[in-house]
Amino acid sequence: MITYIAKTELLFQHLHMKEFIQKAPVLKNQYEDDDLLKSFLAIKLPKKHQRIVSRDLADFGERVVSDIQEMARDAERNPPELVAFDPWGNRIDRVITSSGWENLARVSASEGLVSLGYTRDFGAYSRMVQFAKLYLFHPSSAFFSCPLAMTDGAAKLIEIYGTPELKQKAFAHLTSSDPDTFWTSGQWMTERTGGSDVSHTETVAEETKDGWRLYGTKWFCSAITAQMSMALARIKDKDGKTIPGSRGLSLFYIELKNENSENNNFEIIRIKEKLGTNALPTAEIILRGTKATLVGNVGDGVKNISSMFNITRLYNAITSVGAFRRILALAVDYSDKRSAFNKAIGQHPLNIAVLATAKIDYHACFHLTFLVSELLGNDEIYEKDNALELEHEDIKKLLRLLTPVAKLYTAKKVCRATSELLEVFAGVGYIEDSGIPRLYRDNQVFSIWEGTTNVLSLDLLRAMKKDYSFAVFVKFIQHKIKKIQSADLQHECTRLLASLDELMNSIENSILNADIELETKARDIAFSIGNIAAAACMLEHAANENAQGNAAEVVKMFLEKNPTQIEPFDQNRLDKWQRIIL
Ligand code: UCC
C-alpha cells in the first residue's frame, strides 16, 4: 500500500513539476569567441596577412569544435592497442590506432599545422600564425599535438643538420601538407638509466658494412606509430669501446618500417599506461640492430637534438596555453549557466576571484608564449627592420633564454589553474564523461613532457651563463617599456622597470657567490623572468588602441604583485630542508 502511494506521488510530481536538468557548458567557434587572440593578431600581423589569416582561423575555430573534436573523441574512446603476435606466432608488434587518431594526422597535414612553419608564407610571422592554429587545435586533438611537436622538431633539426638526402626525403614528408605523404616523427631520447640526465644513455651504435645499427632500450617513445624518429646513441669504436657522458652521444635518424612494412629491428615491450594522454601511443622499445643514419658530427648528439627539443618545448608552451583557454572557456560559460544559492555561480565573489585569477594568469601565459613564437619566426626569417627592433644575434639569445621559461611557466600555471577550475564544476567536474577529469589528467603532463620544471630552470641558468642572454633580455624589456606612451599605464611601466632592476640585482649578487646559490634560486629566477616578459607584452598590448577590451585592467591587476619573487638564499635553510626530508 505504502509503495503504491509513493509511486503515485512520484508520478504526480513527474507530471506536474518540470524536472531540473543542468545546462552543459557550450563551446562556440574557438576563434570567433576569442577576443584576446583576435585583437592580438590584429595588432601584430601586417595588414597584408590579416584577411587571409582571420578567414582561415575562423574556419578552423569552427572545425575544432565540430569534426576535429569528433575525431579526438573517437581517439579517446579507442586508445591504441599493441598486437604483439600474429595468429601464427610471428612477432609483429603492431600498434593499432583508431580512425579518429589517423584522421587527426590527415587534418594536421591539410591544415598545415607543421608545414606553415616551413613554407613561411607569412614571412617572419609564419610561426605566429602556425602557433595560433596549434593553440586552437591542441585542446580538440587528443594530444595529437605531441606527435606534431616532434615532427616539427625533427624538421627543424634536419633543416639545420640534415644531409641533402634527408632533406629531400624526410624533411619533405615532415613538412608536407598532403595527407597522403605527410609523416610524423618520434624522439627517442629517454632511457631507464636517467630520464632527464641523458648522459647515462646505454644505447650503442655499431657501424656495419651496410650502415649503422642501434642496440639498446628506449623508455618513452611517444608517437610509436610515426614513420621516423631521431635517437641518441653511443658510438662503439672498432675495439668495442665507447666514450662516457653526454659528449659520447651522437644523433641518428631512423625509419620505423622497412620496405616490407615490418618494424625496423625493434620490439615494442608495451604501450605505457599513463595518467593521461591515453590516445597517444607511448611505448617502451628494445632496439635490436635498428638500421640508422648518423646525423651531424659524432659526439654532437645532445647539442644537435636540442634544436629539436627546443621546438617541442615551445609546443609544450603553446599547447598549455590552448588547454588553459579551453578549461577557462568552459568554466566561465558554466558559471553563467549554473545557479546556486539563488544566483548564477558567476555572481558569487569567491568564484569571481577564482575565474579572474585564472584569467589573469592565462593572459600572461598567452603573451609570453606568443612572444617566443615571434622570436622564433624572426630568427628563421630575419629582416633588418624587424618589428622586435633586434639584431639577429640578440633574437637568437632571447629565444634561447625564453624557451625554457615559457615552457616551465605555462606548464605550472595550467596545472594549477586546471585544479582550481575543476572545482567550478564541483561534483560533475569529477565525473568522467563531463570531460573535465580528462583535461585534469592530461594537463598534468605539461610540467613533465620535455623536461620537468627543475630541469628547465637549470637549462635557463645554462643559457644565461653561456651567452649573456640575460643582458639582452634586460635591454629588450627596458626598450619595450620606454616605447609605451599611454598615460594610464605609466605607473605600471615604472613598477615593472623597478622589478626588473630588483631581478638584475638579485642575479648579480648570486653570480658572485657559490653556484649553489644560483641553483637554489633557479625556479624563482625563471618565474620572475616569465612574469616580467609577460607583463611587458601585456602592457604593450594594452597600450594599443585595438587591444582586447579589458587588457589594461588585466595587466594592472597582474602587476599588483611584484613580478620579481626571489627568496633570499640561506644555506642554513637548505641544510634544514635536507635534514627534514630524510
Ligand atoms: O622523456 C620524456 C617523456 C616524459 C613522459 C611524458 C609522458 C608521455 C606523454 C607525452 C605527452 C605529450 S620527454 C623528454 C624529457 N627529457 C628532456 O627534455 C631532457 C631533459 N634534460 C635536459 O634538458 C638536459 O639539460 C640535457 C640533456 C640537455 C643536458 O645534458 P648534458 O649532458 O648536461 O649536456 P650539456 O653539456 O649541458 O650540453 C651539451 C651541449 C652544449 O653545447 P656545447 O657543446 O656547444 O657547449 C649545450 O650548450 O648541448 C647544448 N644544449 C643546448 N643548446 C643543451 N641544452 C640546450 C638547449 N636547450 N638549447 C641549446
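Both counts, for ligands and for their atoms, begin at 1 and track the order of listing. Computed from heavy atoms alone, side chains included, the values below leave out hydrogens, waters and symmetry copies. The residues of the chain are indexed from 1 along the displayed sequence.
Between Leu458, Thr201, Val302, it is Val302 that holds the heavy atom closest to atom 30 (O) of ligand 1.
Proximity of Asp300 to ligand 1, defined as any heavy-atom pair under 4.0 Å, is not found for any part of the residue. No part of Lys272 comes within 4.0 Å of ligand 1, judged by heavy-atom distances.
Near Thr190, meaning under 4.0 Å from any of its heavy atoms, are these atoms of ligand 1: 1 (O), 2 (C), 14 (C). Listed by number with element, the atoms of ligand 1 under 4.0 Å from a non-hydrogen atom of Val198 are 27 (C). Under a 4.0 Å criterion applied to the non-hydrogen atoms of Arg313, ligand 1 contributes the atoms 17 (C), 18 (O), 19 (C), 20 (C), 22 (C), 23 (O), 58 (N). Every atom of ligand 1 is numbered from 1 in the order shown, and the set under 4.0 Å from a heavy atom of Phe143 is 12 (C). For ligand 1 and Gly451, the ligand atoms under 4.0 Å from any heavy atom of the residue are 15 (C), 18 (O). If you number the atoms of ligand 1 from 1 as listed, the ones under 4.0 Å from a heavy atom of Val455 come out as 20 (C), 21 (N), 22 (C), 23 (O). Counting atoms of ligand 1 from 1 in the listed order, those under 4.0 Å from a heavy atom of Cys146 are 12 (C). If you number the atoms of ligand 1 from 1 as listed, the ones under 4.0 Å from a heavy atom of Asn310 come out as 57 (C), 58 (N), 59 (N), 60 (C).
A cation-pi arrangement, defined by a distance under 6.0 Å to the six-membered ring centre and an angle within 45 degrees of its axis, is present between Arg127 and Tyr118.
In this structure, a donor-acceptor pair under 3.5 Å is present between the side chains of Glu102 and Thr97.
Distance from atom 34 (O) of ligand 1 to its nearest protein heavy atom, with residue and atom name: Ser246 OG, 3.7 Å.
Phe252 is linked by a ring pair (Phe, Tyr, Trp, His ring centres under 6.0 Å) to Trp212, counting only residues two or more places apart in sequence or in another chain. In terms of the ring pair (Phe, Tyr, Trp, His ring centres under 6.0 Å) criterion, His363 has no residue partners (sequence neighbours excluded).
Between His173 and Trp183, the two ring planes are parallel [angle under 30°; tilted spans 30° to 60°].
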